[in-house]
**Student:** 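Just passing along the structure, written as structure tokens.
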Amino acid sequence: MPERTIYLDNAATTALDSRVLDTMLPYFTLEYGNASSIYTLGRHAMQAIDRSREEVAAILHCRPTEVAFVGCGSESDNLAIKGMAFASQKKGNHLITSAIEHHAVLHTCQYLDRFGFKTTYLPVDEYGCVDPEQVARAITDQTVLVSVMYANNEIGTIEPIAEIGRICRAKKIPFHIDAVQAAGALSLDVTELNVDLLSLSAHKFYGPKGMGILYVRQGMRILPQLQGGSQERGRRAGTENVAGIVGTAAALRLAYDDLPFVTPRVQALRDQLIKEILKIPGSQLSGHPTNRLPNNASFAFEGVEGESILLNLDLLGFAASTGSACTSGSVDPSHVLVALGLPPEWSHGSLRLTLGKNNTQEDVDAILAVLPGIIEKLRGLGL
Ligand code: PLP
């Protein structure tokens with residue numbers, strides 16, 4: 001077994017920041033009150049949640065009342081889309097999204113089919129960009145929501161959110177963005193972005209797993225998807241995960257405090273990865289060459305299986321991804337690479353390397369030392 005994992009899969013999840021853990025610990029032990037209880041212990045919990053909501057609101061440039069804490073990024077996407085669709089049933093039954101969304105969005109839209117909703121899945125160009133003009137053309141008098149991701153989880157392409165937001169605003173159509181991968185790297189200012197609903201997941205920015213955020217612009221009505229108590233201003237029933245909420249807010253604040261130091265370093269390492277890996281014969285970059293997340297280096301290799309690359313890397317102690325949440329044994333290439341128009345001999349050979357603040361030059365040197373040999377070996381074996 002290799003001595004330590006060289007972790008190059010920060011888009012899948014990130015390590016909890018020890019400073020975040022420190023903020024959370026008291027709420028597992030001493031401060032264990034239920035935030036709905038009126039005695040001192042309960043009020044402490046509620047005060048911690050209120051402070052956390054303010055911290056998040058400061059990053060999003062919104063009101064604290066517009067921030068809801070939920071159980072994960074997937075729940076946030078589900079609540080935004082189902083919540084808006086079901087609250088707007090009298091207005092219309094049409095949704096617009098892109099072909100390269102995360103399954104938390106795509107499968108939610110598909111689920112809504114059975115309730116009479118219809119979704120337009122916008123195509124993307126070869127880099128994975130959504131064309132705002134196509135959004136404008138897809139809007140009908142039945143459209144109740146547009147949902148487009150801020151940055152793609154597989155290929156890192158950043159979408160023209162502010163422009164799409166302007167179009168939606170002009171036509172008075174609510175606009176949701178899945179900002180799960182953008183958090184900690186791009187501005188989350190909801191006013192500049194012209195968005196009405198925004199989803200985040202704490203474990204992508206060194207916060208705890210099982211925590212998400214949904215921003216809901218004041219005046220937007222969404223139908224709650226969990227029935228019970230009136231927590232989160234009636235938007236999400238259930239006793240609040242106080243430690244999780246405190247950790248989520250601390251992680252978001254720290255991610256933006258650290259951004260000016262982390263991003264240039266991570267981006268330089270990513271650029272080196274891209275430059276060197278593209279020297280491998282039969283390789284190409286997936287996603288936009290410049291308009292991409294600073295930590296994302298995604299590739300396609302002709303005539304190789306992505307899973308075989310991963311297994312070989314794993315034996316040497318590297319954690320990486322094909323980019324897609326592949327089911328083992330599945331031979332289907334990712335829906336994102338298919339949407340880019342990649343032919344099967346390329347789309348099967350995907351590799352996503354996503355850097356984080358804990359990666360070093362040595363990590364990059366180490367993978368660059370072994371990857372060309374792995375690709376060559378697999379091609380020789382016909383794998
Ligand atoms: N949206 C995007 C773009 C993601 O990358 C992910 C997670 O990979 C999610 C949503 C779901 O987040 P969670 O794992 O918190 O449910």
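Bear in mind the structure is a predicted one, so any value in this text is a computation, not a measurement. In each ligand, atom 1 is the first atom listed, and ligand 1 is the first ligand listed.
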**Student:** Are Ile49 and Val67 joined in one hydrophobic group, where the rule is that I, L, V, M, F, W and Y side chains link up if heavy atoms are under 4.5 Å apart?
**Tutor:**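 Per the 4.5 Å side-chain linkage, Ile49 and Val67 are co-clustered.
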
**Student:** Return the protein residues near ligand 1 (heavy atom under 4.0 Å from any of its atoms), ordered by chain and residue number.
**Tutor:**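 Only Cys72, Gly73, Ser74, Asp77, His102, Met149, Asn153, Asp178, Val180, Gln181, Ser201, His203, Lys204 have heavy atoms that fall under 4.0 Å of ligand 1, ordered by chain and number.
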
**Student:** Salt bridge check, Asp363 against Arg4: does any charged N sit closer than 4.0 Å to a carboxylate O?
**Tutor:**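 Between Asp363 and Arg4 there is a salt bridge, with a charged N closer than 4.0 Å to a carboxylate O.
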
**Student:** Less than 6.0 Å separating the ring centroids of Tyr7 and Phe318?
**Tutor:**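 Aromatic pair excluded; centres sit 6.0 Å or further apart.
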
**Student:** What pairs with Glu55 under salt bridge (charged side-chain N to carboxylate O under 4.0 Å, His left out), at least two apart in sequence or on another chain?
**Tutor:**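 Here the qualifying residues are Arg253.
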
**Student:** Considering only residues two or more places apart or on different chains, which pairs with a residue in residues 264-273 satisfy side-chain hydrogen bond (donor to acceptor under 3.5 Å, both in side chains)?
**Tutor:**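 Non-adjacent pairs meeting side-chain hydrogen bond (donor to acceptor under 3.5 Å, both in side chains): Gln272-Gln361.
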
**Student:** Once salt bridge (charged side-chain N to carboxylate O under 4.0 Å, His left out) is applied, do any residues pair with Lys357, and if so which ones, sequence neighbours excluded?
**Tutor:**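 Expected list: Asp17, Asp258.
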
